[in-house]
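Here is the structure we will look at, set down as structure tokens.
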Amino acid sequence: MSNIKHILVIRLSAMGDVAMTVPVLRAFSLQYPQVKITVVSRPFFKPFFRDIPNLDFFAIDVNQKHKGIIGLVRLYNELKKLNIDAVADLHNVLRSKVVRGLFAVSGKKIAFTDKGRKDKKALTRAKNKVFSPVKSMFERHCTTFEELGFPIDLNNPSFPEKSILSGEILKITGDKTQKWIGIAPFAQYDSKVYPLDLMQEIVIELARNDYKLFLFGGGQKEIDKLNQLKRDFQNVIVVAGKLKLAQELDLISNLDAMLSMDSGNAHIGAMLGIKVITLWGATHPFAGFKPFNQSDEFCLTADRSSYPLIPTSVYGNKIVEGYEDAMKTITPQTVVDKIKKGLF
């Protein structure tokens, strides 16, 4: 029997990466109910972990209290009081290395996620590209826990029940009398964003099919674009800017399908057990970021016969001249047909 009864898990950002830890931690909590987990992350992400048994959330303040080396030492001293037995660093960046290093010096067992940079570089390079799937981030996180003595089985995953929608949310959504589809048309980099004129065609086609559509995003610029996509359709609702994160999770859990780019919303839908259809431009699901428990069939990628350098980067942050229109090779009708297939 392991003497590890309390594991500290570190994953500070970004939204999609934090969401990708949720299925792993949910499986861990069910398979090792005797072991407590404390997750260290940014306070915004706390709702992601709300339904996982035997898990506590510790909010890090990277801007003030826990800023810099002195702040990280302060963080370590606060966490030390929780009687941590081991550390699973799922982030593996300078901040998390400092914290796990302090725990290692104090004699605690540590493990960290290998991000597979060498394999990803081979996949994304222009010359001598090795176009084959690399190990997924879910598998990599499982390896981290296995190093601590806790192998995790991700087959036959469980997901939370659909949330009961509050009156505040229902004022925005209305009662559910038809299929609900979420659409998250934005991503951090333009190379991962489906052209808005083509997305408009998708919205029009789905709205005319009598589905109810919910448009997700953040910030005024995105809200303005979402309002353009909405047009005058009564069954298309812009939820961006109207709900808090916990409320968005409640709504997403009640969707019948989610259309997303290679972005955080895809991973949020997947962690809640929703069917997710993803659109990929400069990036590719082979890089290990395919949403959890989703079929390859629902990952629609740009045409590599026309754009053979895809994926040009892991995160979509590398601009390749002549590849600006790669996502146009995914036709709106292909997307609509795939969504309809995903609904039934």
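The figures here come from the full heavy-atom set of this structure, side chains too, leaving out hydrogens, waters and symmetry mates.
Between Lys97 and Asp89 there is no salt bridge, since none of the side-chain N atoms of the basic residue sits less than 4.0 Å from a carboxylate O of the acidic one. Salt-bridge annotation for Asp250 and Arg50: present, with a side-chain N of the basic residue lying under 4.0 Å from a carboxylate O of the acidic one.
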Test side-chain hydrogen bond (donor to acceptor under 3.5 Å, both in side chains) on Thr113 and His91 and set out the steps.
-> CA-CA 7 Å; Thr113 296; His91 202 161; over 6 Å; no
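Taking the six-membered ring where the residue is Trp, His284 and Phe286 present perpendicular rings, their angle passing 60° and hence far from 30°. Taking the six-membered ring where tryptophan is involved, the planes of Tyr315 and Phe289 are tilted, since the angle between them lies from 30° to 60°.
Taking the ring axis of Phe112 as reference, the NZ or CZ atom of Arg100 stays within 45° of it and closer than 6.0 Å to the ring centre.
Inter-residue side-chain proximity for Val236 and Leu229 is flagged as unmet; no heavy-atom pair is nearer than 4.5 Å.
Not one N or O on the side chain of His267 forms a donor-acceptor pair closer than 3.5 Å with the backbone of Ala19.
Scanning all heavy atoms of the two residues, the minimum distance from Lys340 to Asn209 falls at NZ-OD1, 3.3 Å. Closest approach of Lys179 to Asp256, counting heavy atoms only: CA-OD2, 3.3 Å.
You'll find the ring centres of Phe28 and Phe150 inside the 6.0 Å limit. Outside the 6.0 Å centre-distance limit, the rings of Trp180 and Tyr211 are not counted as a close aromatic pair.
Side chains of His6 and Thr38: a donor on one and an acceptor on the other come within 3.5 Å. Between the side chains of Thr329 and Ser306, no donor-acceptor pair of N or O atoms lies under 3.5 Å.
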